[in-house]
A.B. asks: 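Sharing a structure here in structure tokens format.
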Amino acid sequence: MKRTSIVQFFHGEAILFSSVLQIGDSQKITSRARVLAVQRQYELFFGNEGESIFPVFTKTIPKLQSGRRNISLQTLQQSPVISVRSIRILAVSTAGVVHIGSTSTVDAEARIKHIRQLAPNASASSMRNTQTTSPIARDGE
């Protein structure tokens, strides 16, 4: 059943990085974001530092198998209108979806690798003159 979506007031501060705002019906929503963020205390580059060297970007994400579970769903749609008085959103980021309406499929994926490289117990100013000390990497997925 197709429905009409009506939103009287929408206020959004930020919708960023492959996020989707959809008001109304859609067949499929797909959003992706692949993020590599490297924060360094001082400039030192090691050559090949792209996404391809981190498994978080290359691993296959398992998909939910729809035939594995018996789910019984009954829906009663008494009105052909989705009516929303007010929506206020501070932020939607990194493959997030805000959707008012009907959809068949939503496929969203965000893969983020954030690395912080800090100098070992020495001041950053002394580290500028030497390239022999390697940084300490604090790293989480």
Side-chain angles (χ1 to χ4, degrees), residues 1-128 130-141:
M1 176 179 181
K2 299 288 182 189
R3 295 185 285 178
T4 302
S5 299
I6 300 171
V7 178
Q8 293 178 7
F9 177 80
F10 177 86
H11 178 83
E13 293 290 327
I15 299 174
L16 304 167
F17 305 125
S18 191
S19 294
V20 176
L21 166 64
Q22 173 73 32
I23 299 174
D25 293 346
S26 61
Q27 185 64 32
K28 183 175 182 179
I29 296 175
T30 303
S31 62
R32 299 273 185 267
R34 297 169 54 101
V35 180
L36 175 61
V38 180
Q39 183 179 12
R40 293 190 167 119
Q41 191 168 351
Y42 63 97
E43 291 184 25
L44 177 63
F45 299 96
F46 298 106
N48 185 11
E49 296 180 312
E51 290 181 4
S52 62
I53 65 171
F54 297 107
V56 69
F57 295 115
T58 57
K59 286 182 185 176
T60 302
I61 295 177
K63 300 287 184 187
L64 177 64
Q65 300 297 323
S66 61
R68 296 174 73 185
R69 298 183 180 155
N70 294 330
I71 298 173
S72 176
L73 176 66
Q74 294 180 344
T75 304
L76 175 61
Q77 298 175 356
Q78 294 179 332
S79 173
V81 176
I82 298 172
S83 181
V84 178
R85 185 181 318 152
S86 177
I87 297 176
R88 185 175 179 93
I89 294 175
L90 180 60
V92 180
S93 183
T94 320
V97 175
V98 175
H99 186 224
I100 299 131
S102 300
T103 190
S104 177
T105 305
V106 176
D107 183 13
E109 173 180 335
R111 296 180 180 206
I112 301 169
K113 181 73 170 178
H114 191 166
I115 301 169
R116 291 187 178 100
Q117 295 176 336
L118 306 175
N121 296 333
S123 68
S125 61
S126 68
M127 297 302 287
R128 283 188 207 126
T130 179
Q131 298 293 320
T132 58
T133 307
S134 62
I136 297 173
R138 294 193 182 133
D139 173 11
E141 292 182 344

A.B. asks: Sequence neighbours left out, what passes side chain to side chain donor-acceptor pair (under 3.5 Å) with Gln39? Give chain and number order.
C.D. replies: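 Counting only residues at least two positions away or on another chain, Gln39 forms a side chain to side chain donor-acceptor pair (under 3.5 Å) with Arg116.
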A.B. asks: Which atom names give the shortest non-hydrogen contact between Gln22 and His99, and what distance separates them?
C.D. replies: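 Looks like CG-CD2, 3.0 Å.
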A.B. asks: Are any of the side-chain heavy atoms of Phe17 and Val35 separated by less than 4.5 Å?
C.D. replies: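 Not touching, per the 4.5 Å side-chain cut-off.
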A.B. asks: Donor-acceptor check, side chain of Asp25 to backbone of Ser102, threshold 3.5 angstrom: yes or no?
C.D. replies: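 Side chain of Asp25 to backbone of Ser102, a donor-acceptor pair under 3.5 Å: yes, one is there.
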A.B. asks: Give a yes or no answer on whether the side chain of Thr103 reaches the backbone of Ser26 with a donor-acceptor pair at less than 3.5 Å.
C.D. replies: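 Confirmed, Thr103 side chain pairs with Ser26 backbone.
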A.B. asks: Report the residues that fulfil side chain to side chain contact (heavy atoms under 4.5 Å, CB included) with Glu109, sequence neighbours left out, ordered by chain and then residue number.
C.D. replies: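 Partners of Glu109 under the side chain to side chain contact (heavy atoms under 4.5 Å, CB included) test: Arg32, Ile61, Arg111.
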A.B. asks: Could you tell me which non-hydrogen atom of Phe54 sits nearest to which non-hydrogen atom of Lys113, and how far apart they are?
C.D. replies: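 Closest heavy-atom pair between Phe54 and Lys113: CD2-CE, 3.5 Å.
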A.B. asks: Which heavy atom of Ala110 sits nearest to which heavy atom of Ala95, and what is that distance?
C.D. replies: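 Where Ala110 meets Ala95 most closely, the heavy atoms are CB-CB, 4.0 Å.
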A.B. asks: Which heavy atom of Val92 sits nearest to which heavy atom of Val97, and what is that distance?
C.D. replies: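 Smallest heavy-atom distance, with atoms named: CG1-N, 4.2 Å.
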A.B. asks: State which residues pass side chain to side chain contact (heavy atoms under 4.5 Å, CB included) with Ile23; sequence neighbours excluded, sorted by chain then number.
C.D. replies: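 Checked Ile23 against side chain to side chain contact (heavy atoms under 4.5 Å, CB included); matches are Ser5, Val7, Leu21, Ile100.
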A.B. asks: Taking the inter-plane angle between the rings of Phe9 and His11 on a 0 to 90° scale, is it parallel (under 30°), tilted (30 to 60°) or perpendicular (over 60°)?
C.D. replies: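 Parallel: the ring planes of Phe9 and His11 meet at under 30°.
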A.B. asks: Rounded to the nearest 0.5 Å, what separation is found between the CD atom of Gln8 and the OG atom of Ser83?
C.D. replies: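 One finds 5.5 Å between CD of Gln8 and OG of Ser83.
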A.B. asks: Considering all heavy atoms of both residues, which atom of Thr94 and which atom of Ser19 are nearest to each other, and what is their separation?
C.D. replies: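 So the minimum-distance heavy-atom pair works out to N-OG, 3.5 Å.
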A.B. asks: Among Ile89, Ile15, Val20, which one satisfies side-chain contact (heavy atoms from CB on, under 4.5 Å) with Val98?
C.D. replies: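 Of all the options given, the one that passes is Ile89.
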